[in-house]
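Below: one structure, written as structure tokens.
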Amino acid sequence: MSAKLKKAVEECRDTNNTELDLVDRGINGLLDAPGLYTLKHLTRLTVSHNKINSVPPNIIELYSLEILNLFNNHIEDAGLPTNISSMPKLKYLNLGMNKLNSLPRGFGAFPALEVLDLTYNNLSEHSLPANFFCLDTLRALYLGDNDFETVPPEIGRFKNLQILVFRENDLISLPTEIGDLHRLRDLHIQGNRLTVLPPELGNLDLVGTKQVFKADNNPWVTPIADQFQVGVSHVFDYIRSDTYKFLYGRHITAGGGPPPKTSDKSKKQSRQPSK
């Protein structure tokens with residue numbers, strides 16, 4: 001195995017190729033690829049669909065890297081080095097379908113990150129480091145198929161965010177600060193436990209042929225459910241109305257318990273022990 005990986009690395013170096021594809025090679029660790037960290041010119045590294053359980057701190061030696069795809073591996077909490085966020089040119093990081101319960105300290109320090117995919121892990125609002133919402137350059141954040149019940153209000157600091165995905169979590173509410181994401185064009189909140197929408201969501205431009213708003217499979221209160229039957233544009237007209245703002249305020253004041261969980265996530269691949 002290491003001989004084949006060594007050959008792939010050598011070919012990349014000899015041809016001065018800026019992209020290295022090591023998909024589905026049975027790799028257990030990034031140290032299994034001899035000479036990988038000598039590829040200072042590398043801009044794209046794809047090591048998805050392997051068995052990698054940790055990323056060594058050496059990863060920062062690939063200082064030209066702009067795209068790092070680690071999708072579908074076995075990376076757990078201790079498997080991400082704290083220095084990964086110091087990679088100066090990294091724009092795209094895919095850590096989807098791993099076994100992450102939390103993110104390392106300082107994770108929000110990436111200076112150039114634009115796309116972050118954390119889909120299908122075990123993350124929640126308690127998993128995020130204090131500086132997570134300092135990712136000022138972020139344009140797309142994928143957090144689908146995780147365990148969020150709430151979205152931290154600091155989400156409103158992502159002023160450049162255009163795509164936000166929270167589908168198939170356990171969300172019971174959205175913060176009013178979501179209305180501060182004025183560049184947002186794609187919002188996916190389907191498959192949660194949401195009953196109402198904050199009126200501030202009406203500040204956003206999420207209706208039209210170039211926008212995406214998906215919110216099906218939530219236990220909406222009847223007035224909102226009725227508007228969804230007519231169409232998304234009617235939902236946004238309704239939540240902007242004074243009538244809805246009054247009803248929303250009364251709903252929040254009344255409190256009441258959240259809807260019960262309807263899905264059993266114990267059998268998720270991200271929760272199974274690594275083999």
Side-chain angles (χ1 to χ4, degrees), residues 1-107 109-123 135 137-145 268-275:
M1 176 60 66
S2 61
K4 291 182 178 179
L5 294 179
K6 183 179 180 181
K7 181 180 179 181
V9 169
E10 289 176 348
E11 287 179 353
C12 183
R13 182 179 61 243
D14 294 344
T15 59
N16 208 32
N17 194 341
T18 59
E19 301 183 4
L20 180 58
D21 186 339
L22 297 174
V23 175
D24 197 15
R25 301 288 188 97
I27 302 172
N28 293 308
L30 286 176
L31 294 176
D32 290 350
L36 175 62
Y37 300 105
T38 65
L39 304 178
K40 309 299 184 185
H41 65 290
L42 205 62
T43 61
R44 178 196 288 261
L45 176 59
T46 304
V47 283
S48 52
H49 304 285
N50 282 290
K51 301 176 182 178
I52 296 167
N53 53 33
S54 66
V55 179
N58 312 54
I59 194 72
I60 65 167
E61 295 176 24
L62 301 176
Y63 49 75
S64 297
L65 210 60
E66 297 179 7
I67 298 172
L68 177 57
N69 190 340
L70 290 155
F71 179 78
N72 192 14
N73 277 282
H74 297 165
I75 301 170
E76 300 182 358
D77 298 355
L80 281 181
T82 55
N83 66 350
I84 192 173
S85 58
S86 64
M87 299 184 75
K89 296 183 180 181
L90 198 67
K91 295 180 180 179
Y92 174 97
L93 176 59
N94 191 338
L95 287 163
M97 201 171 282
N98 277 283
K99 300 178 182 295
L100 295 170
N101 295 295
S102 64
L103 298 175
R105 177 172 47 85
F107 192 81
F110 286 98
L113 196 64
E114 296 181 7
V115 179
L116 176 59
D117 193 338
L118 293 162
T119 304
Y120 213 89
N121 279 283
N122 305 314
L123 301 171
L135 292 167
T137 54
L138 207 61
R139 293 188 298 106
L141 176 60
Y142 298 90
L143 285 166
D145 288 285
K268 279 178 62 178
Q269 180 179 329
S270 58
R271 294 190 178 173
Q272 304 311 307
S274 301
K275 296 179 180 180

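Residues take their numbers from the sequence shown, with the count starting at 1.
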message: Quick check on Lys40: does its NZ atom have over 12 non-hydrogen neighbours (other residues, nucleotides or ligands) under 6.0 Å away?
response: yes
- prompt: How many angstroms lie between atom CG of Asp145 and atom CG of Leu118, to the nearest 0.5 angstrom?
  reply: 12.0 Å
field: Closest non-hydrogen atom pair, Asn73 against Ser48
entry: ND2-CA, 4.0 Å
- prompt: Please, which pairs that meet salt bridge (charged side-chain N to carboxylate O under 4.0 Å, His left out) have at least one residue in residues 79-97, sequence neighbours excluded?
  reply: none
field: Under 3.5 Å donor-acceptor, Asp32 side chain and Leu30 backbone
entry: no
- request: Could you pull out the closest heavy-atom pair between Cys12 and Leu39, with the gap in Å?
  value: SG-CD1, 4.0 Å
query: Can you name the residues that form a side-chain hydrogen bond (donor to acceptor under 3.5 Å, both in side chains) with Asn83, not counting sequence neighbours?
result: none
Check: Ser64 side chain, Leu42 main-chain N or O, donor-acceptor pair, under 3.5 Å: no
field: Heavy-atom closest pair, residues Arg25 and Leu5
entry: CB-CD2, 4.2 Å
- prompt: Is it true that a side-chain atom of Asn121 and a backbone atom of Asn98 form a donor plus acceptor pair closer than 3.5 Å?
  reply: yes
query: Heavy atoms, side chains only, cut-off 4.5 Å: are Lys7 and Lys4 in contact?
result: no
- line: The side-chain hydrogen bond (donor to acceptor under 3.5 Å, both in side chains) partners of Glu114 (sequence neighbours excluded) come to Arg139
- prompt: Do side-chain atoms of Asp117 reach the backbone of Leu95 as a donor and acceptor pair under 3.5 angstrom?
  reply: no
query: Can you list the residues that meet the ring-ring contact (aromatic ring centres under 6.0 Å, His included) rule with Phe71, with sequence neighbours excluded?
result: His49
field: side-chain hydrogen bond (donor to acceptor under 3.5 Å, both in side chains) involving Asn94 - partner list, sequence neighbours excluded
entry: Tyr92
query: CG/Leu135 to CG/Leu141 distance, rounded to the nearest 0.5 angstrom?
result: 8.5 Å
task: Mind checking the CG-CD1 spacing from Leu62 to Ile59? Nearest 0.5 Å is all I need.
output: 5.0 Å
Interatomic spacing from NZ in Lys51 to CG in Asn28 - rounded to 0.5 Å: 6.5 Å
field: Full working for side-chain contact (heavy atoms from CB on, under 4.5 Å) between Phe110 and Leu116
entry: CA-CA 11 Å; Phe110 286 98; Leu116 176 59; 5.9 Å; no
- prompt: Between Pro81 and Val55, which heavy-atom pair has the shortest distance, and what is it?
  reply: CD-O, 3.0 Å
Minimum heavy-atom distance between Leu123 and Asn101, given as atom pair plus value: CD2-C, 3.6 Å
field: Between CG on residue Asn72 and OG1 on residue Thr119, distance to nearest 0.5 Å
entry: 12.0 Å
- line: Distance col, row Lys99:NZ vs Asp77:CG, nearest 0.5 angstrom, shows 12.0 Å
Minimum heavy-atom distance Val9-Ala33, with the two atoms named: CG2-CB, 4.2 Å
Show me, pair by pair, the donor-acceptor contacts under 3.5 angstrom made by side chains of residues 15-23, not counting sequence neighbours?
from, atom 1, to, atom 2, distance (Å)
Thr15, OG1, Glu11, O, 2.7
Asn17, OD1, Glu19, N, 3.0
Asp21, OD1, Val23, N, 3.0

